[in-house]
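The chains referred to below are lettered A, B, ... by the order of the sequence lines, with proteins before strands, and numbering in each begins at 1.
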Amino acid sequence: MAKHFFIEGAIKAKMIADEITSHSTKINIGAHDIFLGQVRGDLIDGKLVKAIEYTAYQDMADKELERIREEMIHKYKLTCAHIHHSLGTIETGEICLFVLVSSTHRKAAFEACQEMVELIKKDVPIFGKELFDDGSHKWKENQ
Amino acid sequence: MKILVFGMLVEDVGSEELQIELQPDLETLREELMEKFPGLKNRQFMIAVNQQKINGNITLNANDEIALIPPFAGG
């Protein structure tokens, strides 16, 4: 069964803190690395982005995220890995992606976290509509 | 056949779900969609079949899950 990686709304600091705390009993872990994606208030053609509305092809996205997670755990021999992505309207300055990887030593955690974020951006069917302060919008595309 | 539509492509076809008659293969489906929805001609998108990215052409079945997928923006 596919794991569910999506949450409705922004990722709050408490959720990140709770996730880290939940690992304190896993005493074989020596390193965590975290990535947080934050909605950026870009100025595009003179208009300011005030939020991004995220949608996804959820069934396929869940499968891709599980594949990426398992690949990274296997490749870097991670102790564990967690991915959370927001859906819905996320305001500028709020967190929309939270990746936490854990390993025995720091090098694997650094490398796995970076590669995991790149794969999430490249392979997962998540779509973002940038909402401007004047009520118009533009569809975002990862570079 | 049922077709799921995502992101910016919803604006081109006017709906998140389409019903069109069964097309024999992916290439024919793509041509049929361009014909019905000319807005798609200016878009970059892929068609997933049963939640798999498809390279090249494949035969389609009536119960396949077809999805029109625009560029990704996750993260």
Side-chain angles (χ1 to χ4, degrees), chain A residues 2 5-7 11 35-40 42 49 51-68 83-87 90 94-99 113-131 136-143, chain B residues 1-20 22-23 25-27 29-30 32-34 36-75:
Chain A
F5 297 96
F6 291 101
I7 67 159
I11 293 159
F35 178 84
L36 300 174
Q38 174 167 307
V39 173
R40 193 174 55 238
D42 278 347
V49 173
I52 296 179
E53 186 186 311
Y54 284 106
T55 53
Y57 181 6
Q58 270 196 69
D59 290 343
M60 182 175 171
D62 277 335
K63 283 185 185 170
E64 287 292 320
L65 286 165
E66 187 57 31
R67 176 187 63 76
I68 291 167
I83 305 168
H84 302 282
H85 200 293
S86 294
L87 292 177
I90 312 303
E94 291 187 315
I95 303 298
C96 57
L97 171 63
F98 168 33
V99 172
C113 190
Q114 179 164 3
E115 185 169 349
M116 193 174 296
V117 172
E118 295 302 324
L119 290 173
I120 292 166
K121 286 183 171 274
K122 184 169 79 71
D123 289 346
V124 184
I126 298 170
F127 316 105
K129 187 158 81 171
E130 291 173 316
L131 308 176
S136 61
H137 73 265
K138 178 178 179 290
W139 289 92
K140 188 172 175 279
E141 292 183 28
N142 284 344
Q143 300 302 311
Chain B
M1 60 198 317
K2 189 171 86 172
I3 299 173
L4 306 173
V5 185
F6 292 95
M8 66 182 78
L9 305 178
V10 175
E11 295 176 2
D12 298 312
V13 309
S15 173
E16 292 180 354
E17 200 176 304
L18 301 172
Q19 279 290 345
I20 71 165
L22 177 62
Q23 303 293 315
D25 57 54
L26 203 58
E27 276 309 309
L29 171 64
R30 191 176 266 272
E32 177 72 14
L33 289 168
M34 300 278 196
K36 273 194 159 68
F37 307 104
L40 292 176
K41 289 177 184 167
N42 304 318
R43 298 288 198 192
Q44 192 194 344
F45 68 97
M46 73 168 184
I47 303 176
V49 179
N50 300 324
Q51 301 171 13
Q52 301 284 328
K53 298 166 194 168
I54 306 296
N55 295 314
N57 199 12
I58 60 163
T59 304
L60 298 176
N61 300 300
N63 55 354
D64 282 338
E65 182 175 314
I66 311 282
L68 308 188
I69 304 182
F72 303 157

Test ring-ring contact (aromatic ring centres under 6.0 Å, His included) applied to A:Tyr57 and B:Phe6, B:Phe72, B:Phe45, the passing residue: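 The single option meeting the ring-ring contact (aromatic ring centres under 6.0 Å, His included) with A:Tyr57 is B:Phe6.
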Per-residue contact mode, A:Glu64 against chain B (heavy atom under 4.5 angstrom):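 Side chain only.
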Which atoms of A:Ala61 approach chain B - backbone, side chain, both or neither, heavy atom under 4.5 Å: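 Neither part; nothing is under 4.5 Å.
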Nearest atoms (heavy-atom pairs only) where A:Leu97 meets B:Gly75: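 Here A:Leu97 and B:Gly75 meet closest at CD2-CA, 3.7 Å.
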Nearest heavy atoms of A:Met60 and B:Gln51, plus distance in Å: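 Where A:Met60 meets B:Gln51 most closely, the heavy atoms are CG-O, 3.6 Å.
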B:Glu27, CD: over 12 other non-hydrogen atoms inside 6.0 angstrom: yes
Neighbour count above 12 (heavy atom, 6.0 Å) for B:Lys53 NZ: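 Counting other residues, nucleotides and ligands, NZ of B:Lys53 exceeds 12 neighbours.
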Options B:Pro71, B:Ala67, B:Pro70, B:Gly74, ranked by heavy-atom pairs under 4.5 Å with chain A, top entry: B:Gly74
For chain A, the option from B:Gln52, B:Glu65, B:Glu11, B:Gln44 that forms the most heavy-atom pairs under 4.5 Å: B:Glu11
